[in-house]
Number of protein chains: 2
Amino acid sequence: MARWEPDARGRMLTAALELFAEKGYDGTTAGDIAARAGVTERTFFRHFADKREVLFANPNSLDEMVVKAIAAADEQATPLEMVIGGVRAAAVGLAEARTREQAAQRSRIVEATPALQERELLKMAAMTAAAQAALAERGVGEPTAAMAAYGGVAVFQTAFSRWVSGATDLGLPECVDEAAATLRALT
Amino acid sequence: MARWEPDARGRMLTAALELFAEKGYDGTTAGDIAARAGVTERTFFRHFADKREVLFANPNSLDEMVVKAIAAADEQATPLEMVIGGVRAAAVGLAEARTREQAAQRSRIVEATPALQERELLKMAAMTAAAQAALAERGVGEPTAAMAAYGGVAVFQTAFSRWVSGATDLGLPECVDEAAATLRALT
DNA sequence: CCTCCTATGTCAGTTACTGACATCAACCGT
DNA sequence: ACGGTTGATGTCAGTAACTGACATAGGAGG
């Protein structure tokens with residue numbers, strides 16, 4: 001018999017989601033989450049760098065998918081097309097990992113809490129930086145790589161927001177296509 | 001004679017900048033800043049919602065300038081051009097308020113501290129939302145307004161980053177023009 | 001001269017973290 | 001089988017970011 005119940009991390013993850021939904025992010029302490037998961041607060045902070053990270057603990061990071069897709073993109077594609085292809089791949093991955101309702105519930109929590117919005121924005125900025133670096137790897141010059149990365153991530157954010165809003169029946173990848181078309185129409 | 005020295009807020013502002021430069025953001029406590037400004041920690045938190053806000057306490061908010069410029073934009077302009085015009089106006093305002101060296105020093109502090117990056121991203125997101133709302137006011141439809149706002153803010157961020165980097169002798173507004181040209185060339 | 005207003009001080013309390021050290025099942029080599 | 005090592009956890013004390021409640025006293029206004 002194991003010394004402790006297995007999958008402490010998983011228990012904390014679900015406990016956190018439950019508690020955030022019940023009492024809100026600010027209304028639940030790290031100790032609350034730990035208690036419901038049957039561990040101590042100290043253990044919580046061993047698994048998550050801070051309280052916010054519980055909501056951002058993704059095994060299959062979107063960044064990686066974006067980077068891989070950019071690295072594998074067609075030589076003929078423009079930088080913007082490469083990034084859009086990347087975020088589309090990430091969208092496919094994300095939609096496989098979660099149902100829209102799961103994503104929407106998480107989104108509701110994040111949108112209700114500035115501290116969580118900040119963290120989400122930081123993750124998006126990391127994705128932008130990763131895309132930019134991947135473009136540089138493909139030989140895209142500096143001001144262009146930055147702008148293309150921003151554009152691609154903007155497409156992703158717009159698409160995601162529209163997807164979870166329920167304003168459409170489209171899947172997330174199709175929302176990406178839609179947002180990409182909007183971006184192209186801008187100029 | 002006044003009961004206290006006047007301009008406590010201003011003293012805290014400069015004390016914070018000094019201390020962050022001397023000991024780093026994480027190395028200075030709110031109490032340190034208050035002490036150097038000759039007030040108590042409690043007073044610090046009465047003036048600033050949290051420790052991060054000391055670095056983001058701008059009297060003339062960039063958002064306002066962007067919004068005003070969009071409201072005043074030429075009827076013929078495309079949504080993207082409206083936002084770019086807005087961030088250009090903000091760039092002019094910012095360059096009037098601070099020297100490049102001041103902006104660069106502040107940038108160094110922010111870039112060295114994830115917590116401050118998050119806050120900066122939140123401010124940029126607020127600017128995006130403000131621009132989007134201003135576009136909506138001008139009758140721009142939803143997916144387009146969001147993408148145009150993202151694009152314009154991306155231009156601003158790229159321009160600002162290039163300006164403070166010292167890689168060019170251009171002024172901030174000219175960096176905006178440059179970044180805008182890069183964005184237009186993307187498609 | 002009295003009164004309210006406002007900026008500040010004081011103090012106690014909560015919560016997010018962090019470091020140091022202890023514990024003990026499980027695993028690994030002999 | 002036995003002993004040493006490892007790794008995930010517990011325990012505990014401490015720091016720092018805030019927050020609420022209440023006290024204080026100059027200054028403005030009647």
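Because only heavy atoms are used, hydrogens play no part in the values below, and waters and symmetry mates are left out as well, while side chains stay in. Small disclaimer: the values here were computed from a predicted structure and weren't measured. Chain identifiers are assigned alphabetically (A, B, ...) following the order of the sequence lines, protein sequences preceding nucleic acid strands; residue numbering begins at 1 within each chain.
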Quick one: do B:Glu178 and B:Arg88 make a salt bridge, cutoff under 4.0 Å?
no

How does the hydrophobic cluster around A:Tyr25 look, that is, which other residues are in it when side-chain heavy atoms under 4.5 Å mark a link?
A:Met12, A:Leu13, A:Leu17, A:Leu19, A:Phe20, A:Ile33, A:Val39, A:Phe44, A:Phe45, A:Phe48, A:Val54, A:Leu55, A:Phe56, A:Ile109, A:Val110, A:Leu116

Measure CD/A:Glu118 against C1'/C:dA16 and give the value in whole Å, please.
15 Å

Taking the side chain as every heavy atom from C-beta outward, state whether A:Arg11 and A:Arg36 have any atom pair closer than 4.5 Å.
no

Does the side chain of A:Glu53 come within less than 4.5 Å of A:Asp50's, by heavy atoms?
yes

Nearest whole Å is fine: how far is D:dT15 P from A:Phe45 CZ?
18 Å

Just how far, in rounded Å, is C1' of C:dC17 from CG of A:Asp32?
16 Å

Here the distance between atom P of D:dA16 and atom CG of A:Asp50, to the nearest Å, is 18 Å

Using the 3.5 Å cut-off, write out each protein N or O paired with an N or O of nucleotides 7-13 of chain C and the distance between them.
unit_1: C:dT8; atom_1: OP2; unit_2: B:His47; atom_2: NE2; d: 2.7
unit_1: C:dG9; atom_1: OP2; unit_2: B:Thr40; atom_2: N; d: 3.0
unit_1: C:dG9; atom_1: OP2; unit_2: B:Thr40; atom_2: OG1; d: 2.9
unit_1: C:dG9; atom_1: OP2; unit_2: B:Thr43; atom_2: OG1; d: 2.4
unit_1: C:dG9; atom_1: N7; unit_2: B:Arg46; atom_2: NH1; d: 3.3
unit_1: C:dG9; atom_1: O6; unit_2: B:Arg46; atom_2: NH2; d: 2.5

Could you tell me whether the side chain of A:Asn58 reaches within less than 4.5 Å of the side chain of A:Lys123, counting heavy atoms only?
no

Length of the CD1-P vector between A:Ile33 and C:dC17, whole Å:
10 Å

CZ of A:Phe44 versus C1' of C:dA16: gap in Å, rounded?
10 Å

Hey, does B:Met65 have a side-chain heavy atom less than 4.5 Å from the side chain of B:Leu62?
yes

